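Here's the structure we're looking at; comments come further down.
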Amino acid sequence: MPGSPRIFAAVEGIVDEAVARRLIKEAGGIPGTVYNCEGKDSLRKKVKGFNNAAKREPWLVLVDLDADASCAPSLRQTWLPVPAPWLCIRIAVRQVEAWLMADAESLAAYLGVAKRKIPDNPEALPDAKSAMVNLARISRRRDIRQDMVPRPSSGRKVGPAYTSRLVEYVENHWQPARAVQHANSLRKAINCLEQLVSQWGCQ
């Protein structure tokens, strides 16, 4: 929309790239470059640089809570005690897969599983990625099982096309506005971005 800010982003991985772009659009912004830092450690090392950039233009930094802290505010304080005025640093509790599960209706249809199989409170899951794989494991769709579930004895935690399947889901099926009802950290992320868009428009 006219006057909407371009919002840059920095994330841990490929699925997070898709999520960041979708959330920026959901909030009324225009996705700028999304920097995939290819891992949490790398993202943390670069976060001060992104924070410096956010003194001049809007930025989103998206990171998983995992088991690194007891809650999102604690991790945010550890990473970046004083965020820049134009920075949203948001924490997915405990993994971004929880946000994707929070839209149970869309995920059930995409994976080919019963809606009642989707956890009601995905943010309470200690390992949402494993839970996502286990949902794919019971899919009625053979292609979903083949793509998202790891081969026996492969030693991998996810299937060969797990990432590309989730990106497809995020871009074409996931409804963040519905997911916020079951994911508080997602709701806070969208609210932060909406405030960024609104404040930028008032300059």
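Fair warning: this is a prediction, and the values are worked out from it, not measured in the lab. Note that these values count all heavy atoms, side chains included, but never hydrogens, waters or copies made by symmetry. Residues: numbered from 1 along the sequence shown.
Residue Met148 is tested with Val158, Leu135, Val133, Leu111 for a side chain to side chain contact (heavy atoms under 4.5 Å, CB included); the sole match is Leu111. With respect to Ile190, the side chain to side chain contact (heavy atoms under 4.5 Å, CB included) criterion is satisfied by exactly one of Lys188, Glu194, Arg187: Glu194.
Looking at every heavy atom in both residues, Arg94 comes nearest to Ala67 through NH1-CA, 3.9 Å. The minimum heavy-atom distance between Leu80 and Pro83, with the atom names listed, is O-CD, 3.7 Å. Smallest separation of non-hydrogen atoms from Ala108 and Ala114: CB-C, 4.2 Å. Closest approach of Gly29 and Ile7 over heavy atoms only: CA-CD1, 4.4 Å. Taking all atoms of both residues into account, the shortest heavy-atom contact from Met132 to Met101 is N-CE, 3.3 Å. Of all heavy-atom pairs between Leu125 and Ala131, the closest is CD1-CB, 3.9 Å.
For Glu168, the salt bridge (Lys or Arg N to Asp or Glu O under 4.0 Å) partners are Arg165, not counting sequence neighbours. Remark: Glu26 pairs with no residue by the side chain to side chain donor-acceptor pair (under 3.5 Å) rule, at least two apart or across chains. With sequence neighbours excluded, the residues forming a ring-ring contact (aromatic ring centres under 6.0 Å, His included) with Trp200 are Trp86, listed by chain and number. Residues satisfying the ring-ring contact (aromatic ring centres under 6.0 Å, His included) criterion with Tyr110, sequence neighbours excluded, are Tyr169, His173. For Arg21, there are no side chain to side chain donor-acceptor pair (under 3.5 Å) partners two or more places apart in sequence or in a different chain. For Ser139, there are no side chain to side chain donor-acceptor pair (under 3.5 Å) partners, not counting sequence neighbours.
In terms of modelled atom types and a separation under 3.5 Å, the side chain of Arg141 and the main chain of Gly112 share no donor-acceptor contact. At distances below 3.5 Å, not a single donor-acceptor pair connects side-chain atoms of Trp99 with backbone N or O atoms of Pro122. Side chain of Glu12 to backbone of Gly39: no donor-acceptor contact under 3.5 angstrom is found. In this structure, the side chain of Asp16 engages the main chain of Gly13 through a donor-acceptor pair within 3.5 Å. A donor-acceptor distance shorter than 3.5 angstrom exists from the side chain of Ser42 to the backbone of Cys37, with no hydrogens or angles considered. Checked by atom type and distance alone, the side chain of Asp103 pairs as donor or acceptor with a backbone atom of Gln175 at under 3.5 Å.
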Please determine whether salt bridge (Lys or Arg N to Asp or Glu O under 4.0 Å) holds for the pair Glu105 and Arg178, giving the CA-CA distance in whole Å, both sets of side-chain angles, and the decisive distance to 0.1 Å. CA-CA 9 Å; Glu105 187 173 331; Arg178 187 158 54 201; 3.6 Å; yes
Would Ile138 and Lys117 count as a side-chain contact (heavy atoms from CB on, under 4.5 Å) here? Give the steps. CA-CA 9 Å; Ile138 60 172; Lys117 297 290 187 180; 4.0 Å; yes
Stepwise, does the side-chain contact (heavy atoms from CB on, under 4.5 Å) test hold for Leu100 with Val19? CA-CA 9 Å; Leu100 308 187; Val19 169; 4.1 Å; yes
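In this structure, Leu193 and Leu23 have side chains that are in contact, with non-hydrogen atoms separated by less than 4.5 Å. Between Val11 and Tyr35 the shortest side-chain heavy-atom distance does not fall below 4.5 Å. The shortest distance between side-chain heavy atoms of Val93 and Leu186 does not fall below 4.5 Å. The shortest distance between side-chain heavy atoms of Ile30 and Pro5 does not fall below 4.5 Å. Side-chain contact between Val167 and Ile14 is present, with heavy atoms from C-beta onward closer than 4.5 Å. With a 4.5 Å cut-off on side-chain heavy atoms, Pro58 and Arg6 do not count as touching.
Val15 and Ile91 are assigned to two separate hydrophobic clusters, defined by single-linkage of ILVMFWY side chains at heavy-atom distances under 4.5 Å. No path of Ile, Leu, Val, Met, Phe, Trp and Tyr side chains, each step under 4.5 Å between heavy atoms, connects Trp79 with Leu62, placing them in separate hydrophobic clusters. Hydrophobic clustering (side-chain heavy atoms under 4.5 Å, transitive across Ile, Leu, Val, Met, Phe, Trp, Tyr) groups Val170 together with Val113. Linking Ile, Leu, Val, Met, Phe, Trp and Tyr residues whenever their side-chain heavy atoms come within less than 4.5 Å leaves Val96 and Leu43 in two separate clusters. Hydrophobic clustering, with ILVMFWY side chains joined whenever heavy atoms are under 4.5 angstrom apart, groups Ile144 together with Leu166.
Residue pairs that meet the disulfide bond (SG atoms under 2.5 Å apart) test with at least one member in residues 66-182, sequence neighbours left out, are Cys88-Cys192. Pairs engaging residues 125-138 under the side chain to side chain donor-acceptor pair (under 3.5 Å) rule: Asp127-Ser130, Asn134-Arg137 [sequence neighbours left out]. Residue pairs meeting the side chain to side chain donor-acceptor pair (under 3.5 Å) criterion with at least one partner in residues 56-71, sequence neighbours excluded, are Lys40-Asp66, Lys40-Asp68. Among residue pairs with one or both ends in residues 149-162, those qualifying as side chain to side chain donor-acceptor pair (under 3.5 Å) are Glu97-Tyr162; sequence neighbours excluded. Evaluation of the disulfide bond (SG atoms under 2.5 Å apart) test over residues 138-189, restricted to residues two or more places apart or in two chains, returns none.
Side-chain contacts under 4.5 Å among hydrophobic residues (ILVMFWY), followed directly or transitively, place Val82 with no other residue at all.
Looking only at atom types and distance, the side chain of Ser185 has no donor-acceptor partner in the side chain of Arg90 under 3.5 Å away.
The distance from the OG atom of Ser106 to the CG atom of Asn172 is 11.5 Å, given to the nearest 0.5 Å. For the atom pair CG (Leu60) and CG (Leu87), the distance works out to 8.0 Å, reported to the nearest 0.5 Å. Remark: Leu75 CG to Leu65 CG distance equals 6.0 Å, nearest 0.5 Å.
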